[in-house]
*Asks:* 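The following block contains the structure, expressed as structure tokens.
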There are 2 protein chains.
Amino acid sequence: MDDTTQQDPELSAVDSLHEALEQDDIELARDIVATLHSSEIADVIESMPSRDRDNAWQLIDPELEGDVLSHMQDAVRAEFLEQMHPDKLADATRNLDADDVADILQDLPEDVADTVLRSMDEQNLQRLSSILTYPEDTAGGLMNIDVVSVRANVSLDAVARYLRLLGEIPAKTDNLMVVDRENNYLGVLPLTELLVRGPETTVGAWMEEEAYLSANTPKSEVAKLFEQRDLVSAAVIDDEGHLLGRITIDDVVDVIQEAAEQAVRSMAGLGEDDMFSPVFVTTKRRAIWLGINLLTAFLASWVIGRFEDTIHELVALAVLMPVVAGMGGIAGSQTLTIAIRGIALGQIVKTNIKPLLIKELTVGTLNGILWSCVVATIVILWFDNLFLGLVIGVSMVINLIIAALAGALIPLVLKRFGIDPAIAGGVILTTITDVVGFMTFLGLATIFLVA
Amino acid sequence: MDDTTQQDPELSAVDSLHEALEQDDIELARDIVATLHSSEIADVIESMPSRDRDNAWQLIDPELEGDVLSHMQDAVRAEFLEQMHPDKLADATRNLDADDVADILQDLPEDVADTVLRSMDEQNLQRLSSILTYPEDTAGGLMNIDVVSVRANVSLDAVARYLRLLGEIPAKTDNLMVVDRENNYLGVLPLTELLVRGPETTVGAWMEEEAYLSANTPKSEVAKLFEQRDLVSAAVIDDEGHLLGRITIDDVVDVIQEAAEQAVRSMAGLGEDDMFSPVFVTTKRRAIWLGINLLTAFLASWVIGRFEDTIHELVALAVLMPVVAGMGGIAGSQTLTIAIRGIALGQIVKTNIKPLLIKELTVGTLNGILWSCVVATIVILWFDNLFLGLVIGVSMVINLIIAALAGALIPLVLKRFGIDPAIAGGVILTTITDVVGFMTFLGLATIFLVA
């Protein structure tokens with residue numbers, strides 16, 4: 001029995017591998033790598049600084065190189081693909097499933113991809129061609145073509161003999177695909193049915209209608225269907241209803257995982273950055289995000305600048321203004337997160353926008369009133385100024401209501417314009433809560449406190 | 001053929017269902033619900049405001065009620081469980097898998113759970129007892145006990161006859177479990193092997209060693225193992241190595257999805273809030289988060305307050321100080337996000353903390369210098385004040401370096417103290433970048449500009 005469950009295999013592996021490499025103990029390092037699965041090797045390499053990655057790569061059994069590549073994050077994989085010779089790449093991809101090869105090829109510059117394709121044998125090329133027809137992020141791009149298909153009118157006994165003749169059934173096969181003479185998809189025959197039903201009965205008698213996917217279905221919807229129907233695999237068909245291939249749950253799990261990672265990264269403006277992307281690549285990517293945020297920061301500054309005279313007369317305003325703006329930002333980002341997730345999960349539809357808006361506005365108003373009272377009390381005691389307390393209280397209520405409105409509406413508007421709300425939503429929200437916060441607080445102060 | 005792939009089934013379903021309910025067209029509404037899968041009904045109900053949820057619930061085929069419950073988010077499900085009579089609940093759970101029933105029971109107050117358990121028949125009770133022994137968030141709590149197990153020394157032909165006798169193989173069965181006389185887990189026999197190998201050969205000849213899980217394994221590690229090894233199911237064993245049950249990929253997909261949602265929600269302090277939780281529940285949950293953030297906002301105010309005299313002399317400082325603090329917060333949260341995800345994915349280990357810290361500090365310094373120059377230039381032109389430009393430039397560089405340091409170290413420190421970095425990390429980071437930003441900018445200004 002292996003000891004997978006005894007300790008975290010990966011944590012210890014990276015540490016010991018790193019130490020072995022530091023001490024130039026190549027033999028030990030090779031032994032450690034040999035105990036790992038391809039996906040674990042990919043994980044380990046991803047968690048290494050760039051300079052160690054190449055050393056670790058040298059230790060991988062050449063047979064596994066392709067498999068390791070197929071498990072890597074796109075950003076890290078791109079780094080390796082750039083350095084590899086096309087012939088070597090063609091070798092590495094020889095043992096891979098066609099969908100994984102397609103995935104890798106789509107990351108390559110066109111001329112390199114061509115070279116790799118040319119160095120492949122006829123059979124591999126054929127396996128690839130139908131997948132490469134479809135964009136990477138569709139059911140067609142995700143599918144594999146290792147499908148076992150049978151006709152509806154044959155007996156289960158005949159199917160059993162056919163399978164024994166094949167000698168191998170592709171991994172993750174839970175259903176045989178049932179097709180007609182023209183390869184039109186009809187349904188599935190679960191292996192579990194094949195095993196328990198009478199051998200003399202026909203495929204058609206036990207065939208089940210099962211959810212299938214058009215090759216053009218976006219991968220987010222593929223993931224949704226798998227989740228909702230608890231599928232292990234699903235057929236992929238073309239526009240005419242012909243069976244093209246199948247998608248298996250392991251690839252869908254990757255889609256779900258990537259989407260989740262993407263959601264978190266987008267909010268911080270990180271894009272495809274990985275933990276150990278080269279320093280200059282990371283710096284450049286993040287610089288753009290900082291630049292965008294700087295624009296909004298200066299917009300806020302400009303607003304404050306309009307009230308220089310007011311602040312000069314009552315410096316307490318400068319002390320307190322970040323509270324008004326900050327609380328608006330925090331409250332708004334809660335609503336924003338709910339709305340962005342609701343859109344991503346398909347839970348926000350035409351008919352529930354209004355109740356959602358009403359709910360968020362109510363919550364914003366209630367929390368606005370609650371915390372305004374607290375803040376007003378503190379300010380009155382701290383600065384011994386009743387009107388300053390009232391002004392900050394009123395402006396906080398206003399900003400929290402605007403924050404709720406903005407948090408709920410920004411994602412809907414961005415969505416309509418085809419912009420990912422997870423990327424742009426936070427920046428726009430902060431701009432609004434800063435501008436509204438500073439403007440109401442300093443504006444009301446100008447009218448009621450210093451005029 | 002159904003039309004799953006033609007349009008988003010759920011979007012249209014919620015909208016039309018909502019409209020049917022508004023128009024009191026119960027027949028139409030019932031028809032719409034009847035076309036949906038249990039998981040889709042759960043999705044639809046989750047995306048409805050509370051008051052509509054009960055009406056929609058009435059339309060569900062009683063046979064499906066348990067299944068719909070098992071697909072709901074915990075927060076929404078709790079709402080329904082509170083209202084249901086224990087007997088009705090026992091009825092609803094009768095057709096469910098034992099792991100789903102266990103999941104629901106663990107959400108109930110103890111006395112209600114007892115009543116439900118008492119109203120169950122003997123067989124269901126037995127199915128449940130072994131699962132309920134283990135916490136909900138372990139392999140034991142996730143597992144199902146519908147395992148088909150065979151001995152290593154029997155022939156494949158005997159296995160085939162046994163399966164036909166059983167008449168049904170549980171869904172998501174890709175492997176039969178191989179055990180010895182004492183029910184010790186030995187390995188698996190893939191159905192695909194059973195189908196292609198000679199009937200006279202024995203189970204032992206084709207048995208494969210496959211990753212298995214101890215019942216106490218936390219669910220995050222269960223998910224990791226499934227992802228890394230591309231599993232469809234895995235055996236769960238007790239401390240003595242006895243086979244207890246199995247975990248299937250559909251439950252693991254739910255774990256992955258929940259963890260991803262949790263990661264996004266934690267960062268906004270949302271907890272288990274769902275889109276249409278009751279207003280007062282939502283207000284209370286968010287109020288706590290706002291209160292915590294208010295504390296840090298006042299801490300920043302207090303820092304600014306130390307420099308009232310300086311601001312009074314040079315109001316431009318009040319205009320510009322949010323830029324310094326804000327840019328630090330943005331840069332820091334990029335590092336923070338990378339570090340939190342690295343920890344969550346198990347990619348940050350002892351040996352790569354140092355290179356990670358060095359990388360983040362380098363990126364922080366480079367971006368600090370880049371944007372400091374930009375900001376300094378703008379400030380010099382805007383305020384016609386060379387020293388003000390220099391002071392803001394220097395304080396921005398300092399704040400961005402501190403931000404990188406804080407962003408990388410906060411999650412590591414929180415982790416060590418057993419606190420979820422995704423929840424507390426952002427608040428602590430903002431506190432630091434605000435305090436450091438205001439302090440360096442106003443402090444340097446006090447020394448070099450107004451003294």
Side-chain angles (χ1 to χ4, degrees), chain A residues 4-5 10-11 14-15 18 39-40 47 49 163-164 167 169 191-192 195-196 211 213-214 217 228 230 232 249-250 260 263-264 268 275 279 282-283 286-287 290 293 297 300-301 304-305 308 311-312 315 318-319 322-323 326 330 333-334 337 342 346-347 349-351 355 362-363 366-367 371, chain B residues 4-5 10-11 14-15 18 39 47 49 163-164 167 169 191-192 195-196 211 213-214 217 228 230 232 249-250 260 263-264 268 275 279 282-283 286-287 290 293 297 300-301 304-305 308 311-312 315 318-319 322-323 326 330 333-334 337 342 346-347 349-352 355 362-363 366-367 371:
Chain A
T4 317
T5 56
E10 185 192 315
L11 287 185
V14 197
D15 275 340
H18 192 93
S39 58
E40 289 167 330
S47 54
L163 293 179
R164 235 167 283 150
I169 304 177
L191 292 189
T192 52
L195 283 163
V196 300
L213 294 153
S214 148
T217 312
Q228 286 187 329
D230 289 349
V232 169
I249 181 72
D250 50 323
V264 175
M275 216 163 75
V279 167
T282 300
T283 304
R286 298 205 198 159
L290 286 167
N293 279 279
S301 286
I304 300 171
E308 274 195 48
I311 294 172
H312 189 75
V315 180
V319 175
V323 175
I330 299 288
S333 77
Q334 294 193 312
T337 305
Q347 290 196 323
V349 291
K350 221 179 56 199
T351 46
T362 314
V363 172
L366 289 177
N367 264 322
W371 289 109
Chain B
T4 315
T5 56
E10 185 194 318
L11 287 186
V14 197
D15 275 340
H18 191 91
S39 58
S47 55
L163 292 178
R164 235 168 283 150
I169 304 177
L191 292 188
T192 51
L195 283 163
V196 300
L213 294 152
S214 148
T217 312
Q228 287 186 328
D230 289 349
V232 169
I249 181 71
D250 51 324
V264 175
M275 215 163 78
V279 167
T282 301
T283 305
R286 298 204 197 160
L290 286 167
N293 278 279
S301 287
I304 301 170
E308 274 195 46
I311 294 172
H312 188 75
V315 178
V319 174
V323 176
I330 299 288
S333 76
Q334 294 193 312
T337 305
Q347 289 195 324
V349 290
K350 223 178 57 197
T351 47
N352 64 15
T362 315
V363 172
L366 288 176
N367 263 324
W371 289 110

*Asks:* If you tally heavy-atom pairs under 4.5 Å against chain A, which of B:Val279, B:Leu163, B:Asp230, B:Leu366 wins?
*Replies:* B:Asp230

*Asks:* For the residue pair B:Asn352 and A:Ser47, what are the closest heavy atoms and their distance?
*Replies:* ND2-O, 2.5 Å

*Asks:* Relative to chain B, which segment of A:Pro355 carries a heavy atom at a distance below 4.5 Å: side chain, backbone, both, or neither?
*Replies:* both

*Asks:* Using a 4.5 angstrom heavy-atom cutoff, name the option from A:Lys350, A:Arg164, A:Gln334, A:Glu308 with the most pairs to chain B.
*Replies:*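 Looking at each option in turn, the highest pair count goes to A:Gln334.
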
*Asks:* With respect to chain B, which residue among A:Ala287, A:Gly167, A:Ala268, A:Gly326 yields the maximal number of heavy-atom pairs within a distance under 4.5 Å?
*Replies:*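 The residue among A:Ala287, A:Gly167, A:Ala268, A:Gly326 with the greatest pair count is A:Ala287.
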
*Asks:* Between A:Ala297, A:Ser333, A:Gly342, which has the largest tally of heavy atom pairs under 4.5 Å with chain B?
*Replies:*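 Winner by heavy-atom pair count: A:Ala297.
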
*Asks:* Under a 4.5 Å heavy-atom cut-off, does chain A meet the side chain of B:Ile249, its backbone, both or neither?
*Replies:* side chain

*Asks:* List the residues meeting side-chain contact (heavy atoms from CB on, under 4.5 Å) with A:Ser39, not counting sequence neighbours, and say none if there are none.
*Replies:*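 Once residues adjacent in sequence are excluded, the partners of A:Ser39 under the side-chain contact (heavy atoms from CB on, under 4.5 Å) criterion are A:His37, A:His71, B:Gln228.
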
*Asks:* B:Ala300 versus chain A, heavy atoms under 4.5 Å apart: side chain, backbone, both or neither?
*Replies:*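 Contact with chain A: none, neither part.
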
*Asks:* Quick one, A:Thr192 with A:Val196, criterion side-chain contact (heavy atoms from CB on, under 4.5 Å). Give me CA distance, side-chain angles, the key distance, then yes/no.
*Replies:* CA-CA 7 Å; A:Thr192 52; A:Val196 300; 5.9 Å; no

*Asks:* Name the member of A:Leu191, A:Thr362, A:Val264 that forms the most heavy-atom pairs with chain B at distances under 4.5 Å.
*Replies:* A:Val264

*Asks:* Would you give the length of the straight line joining atom CD1 of B:Ile330 to atom CG of A:Asn293, rounded to the nearest 0.5 angstrom?
*Replies:* 3.5 Å

*Asks:* With B:Ile304, which residues qualify under side-chain contact (heavy atoms from CB on, under 4.5 Å), at least two apart?
*Replies:* A:Val319, A:Pro322, B:Ile311, B:Met321, B:Phe438, B:Leu442

